[in-house]
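Take a look at the structure below.
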Amino acid sequence: MNYNISITKVEKSQVDDLDFNNIPLGTTFTDHMFICDYENGEWTNPRIEPLKPIPTHPAAMALHYGQAIFEGMKAYKDADGEPMLFRPAQNASRLNKSADRMGMPHVPEDLFVQGLKELVSLEHNWIPPQQGSALYLRPFMYADEPFIGMRAATHYKFIIMASPAGPFFSKRIKLWAEKQYIRAAHGGTGEAKAAGNYAAAIRPTELAKAKGYDQVLWLDAVEHKYIQEVGTMNIFFKINGEFITPELDGSVLHGITRASVIDMLRAMNYSVTERKITIDEIIEASKNGTLEEAFGTGTAVGIAYIQEIGLKGETIHVSDESPVGLEVNDTLNAIKTGQLEDRFGWMVKTRKQFA
Ligand SMILES: *Cc1c(COP(=O)(O)O)cnc(C)c1O
């Protein structure tokens, strides 16, 4: 279906004020946002308008009961300067899976993708040209109905914002394997990209940082030994020539980078197994010299190389080099910027119709 998205443009774009070689992280936004409202059981009034604060009723249900979910993705430019999206339909369907878990309505996938395309083509001047830079896109939905009481809201907003992001230099990271706090339990909300999951991770992450680590490595909620994932990344280990990543058991976020990296590794003739992995198995592999590398995968950073994992009374040295991780990262970036043939069929073009 083709939606009629009305467009109100800013009088003057702020893009000229941005130094593309020095983009402040997460604080710069493009001129416009896509926005639509859910009321009387349907999404209405899809529009692109100048990005601005939205008046919020103090009883807006998202503020009290936490019905708020989001997505994260990036737009790149190909060699001809054409804006491209990476697997946007995957984000659309994941948003709706998060919505199901949180008792929120679906956003039609074609509305999600059309909104993204129109916003990105309008804001194409904001896509940083530098290698490794991209326009970060943040689609999200929250309950804006004013109501005190415990039930699903009947009014929501779905918004897409865009924020230019400079190149991310992947330094080697250190993880803290957390045995006191948990991220997700079976039957919980671990599979949903729900705002509350991140609120609950803030304090444990601060404590890990105070110990000198970059991120938390989450373990299962019952035995504190099965590895789940990292802050906002899924995790891969290379042991004895084979890749292993935790299976999607209901408490792990279904990363789109994770799925893409599995496809890429298999195309490179590596064996990739999705299964349960314990922290003890990683300690053992490190001791007997079969732990070759480990990395995290996610939209924000691409691939983050893991150097070390700390846990109570022990430090696991992973590796100082991640040759396969590096190759996967370079290949993924080359596909996203159109420098390498998109043989997996992942990229979706967005015409510069407002040039
Ligand atoms: C978003 C996210 C990921 C990575 O998902 P991508 O689709 O690869 O960006 C992994 N874990 C968590 C908890 C996340 O929120």
Side-chain angles (χ1 to χ4, degrees), residues 26 66 68-76 85-99 101-102 109 112-113 116 134-141 160 163 165 168 170 173 175-176 178 181-185 188-202 204-205 208 214-221 226-237 245-265 272 274 277 294-304 306 325 328-329 331-333 335-336 344 346-348:
I69 55 176
F70 67 94
E71 274 301 320
M73 51 201 300
K74 282 177 172 175
Y76 308 82
L85 295 167
F86 182 73
R87 312 188 76 179
Q90 298 285 320
N91 294 91
S93 90
R94 188 172 64 188
L95 181 87
N96 286 335
K97 290 203 188 90
S98 300
R101 180 64 185 83
M102 307 307 285
E109 292 189 13
F112 180 105
V113 174
L116 271 174
L135 185 61
Y136 185 82
L137 301 163
R138 170 53 60 86
F140 65 107
M141 192 207 300
I160 307 173
S163 172
F168 187 89
S170 276
I173 58 169
L175 305 180
W176 173 255
E178 179 57 60
Y181 300 104
I182 61 151
R183 174 182 177 275
T189 60
E191 270 185 359
K193 243 177 148 60
N197 289 345
Y198 302 85
I202 287 172
T205 305
D214 299 290
Q215 296 254 356
V216 172
L217 176 64
W218 296 107
L219 304 176
D220 77 278
Y226 295 103
I227 293 171
Q228 292 181 331
E229 60 183 305
V230 186
T232 58
M233 292 185 288
N234 296 106
I235 191 163
F236 287 74
F237 296 95
T245 188
E247 64 191 6
L248 301 175
D249 65 350
S251 35
V252 173
L253 205 286
H254 292 213
I256 296 162
T257 319
R258 174 189 182 276
S260 309
V261 167
I262 291 175
D263 289 349
M264 287 175 65
L265 288 170
V272 186
E274 297 173 69
I277 313 167
F295 49 78
T297 64
T299 297
V301 298
I303 309 283
I306 298 162
V328 168
N329 199 26
T331 309
L332 200 52
N333 284 336
I335 291 173
K336 288 173 171 176
F344 299 97
W346 287 335
M347 303 311 296
V348 174

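Counting starts at 1 for both ligands and their atoms, following the listed order. What's counted below: heavy atoms across the whole structure, side chains too, no hydrogens, waters or symmetry copies.
Those atoms of ligand 1 with a heavy atom of Gly255 less than 4.0 angstrom away are 5 (O), 6 (P), 7 (O), 8 (O). The atoms of ligand 1 that sit less than 4.0 Å from any heavy atom of Arg183 are 13 (C).
Looking at Lys97, Arg94, Arg87 one by one, the single match for salt bridge (Lys or Arg N to Asp or Glu O under 4.0 Å) with Glu71 turns out to be Arg94.
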Go through the steps for Thr257 and Leu332 under the test side chain to side chain contact (heavy atoms under 4.5 Å, CB included), then give the verdict. CA-CA 9 Å; Thr257 319; Leu332 200 52; 4.0 Å; yes

Decide yes or no on side chain to side chain contact (heavy atoms under 4.5 Å, CB included) for Tyr226 and Asp249, but give the supporting numbers first. CA-CA 11 Å; Tyr226 295 103; Asp249 65 350; over 6 Å; no

Report the C-alpha separation of Thr245 and Glu274 in whole Å, then their side-chain angles, then the decisive distance to 0.1 Å, and conclude whether the side chain to side chain contact (heavy atoms under 4.5 Å, CB included) test is met. CA-CA 5 Å; Thr245 188; Glu274 297 173 69; 3.8 Å; yes

Can you check side chain to side chain contact (heavy atoms under 4.5 Å, CB included) on Gln228 and Asp220, steps first, answer last? CA-CA 6 Å; Gln228 292 181 331; Asp220 77 278; 4.2 Å; yes

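Protein heavy atom at the shortest distance from atom 8 (O) of ligand 1 is Thr257 OG1, 2.6 Å. The single protein non-hydrogen atom nearest to atom 1 (C) of ligand 1 is Lys193 NZ, 1.4 Å, given as residue, atom name and distance. Among all protein heavy atoms, the one lying closest to atom 4 (C) of ligand 1 is Thr232 O, 3.6 Å. Here the protein heavy atom with the shortest distance to atom 9 (O) of ligand 1 is Thr299 OG1, 2.6 Å.
Backbone and side-chain nitrogen or oxygen atoms of Asn234 are examined, and none is located within less than 3.5 angstrom of a nitrogen or oxygen of ligand 1. Of the N or O atoms in Glu229, one or more lie within a sub-3.5 Å distance of an N or O in ligand 1. Between Gly298 and ligand 1, not a single N/O pair is under 3.5 Å apart.
Heavy atoms of Ser260 come nearer than 4.0 angstrom to ligand 1 in no pair at all. Judged by the shortest distance from any of its heavy atoms, Arg94 lies inside the 4.0 Å radius around the atoms of ligand 1.
Separation of atoms NE2 (His254) and CD (Glu229) is listed at 9.5 Å; rounding is to 0.5 Å.
Atom 15 (O) of ligand 1 has its nearest heavy-atom neighbour, among Tyr198, Phe70, Trp218, in Tyr198.
Taking each heavy atom of Ala300 and Lys74 in turn, the nearest pair found is O-NZ, 2.8 Å.
Aromatic ring orientation, Phe86 versus Trp346: perpendicular (interplanar angle above 60°, classes split at 30° and 60°).
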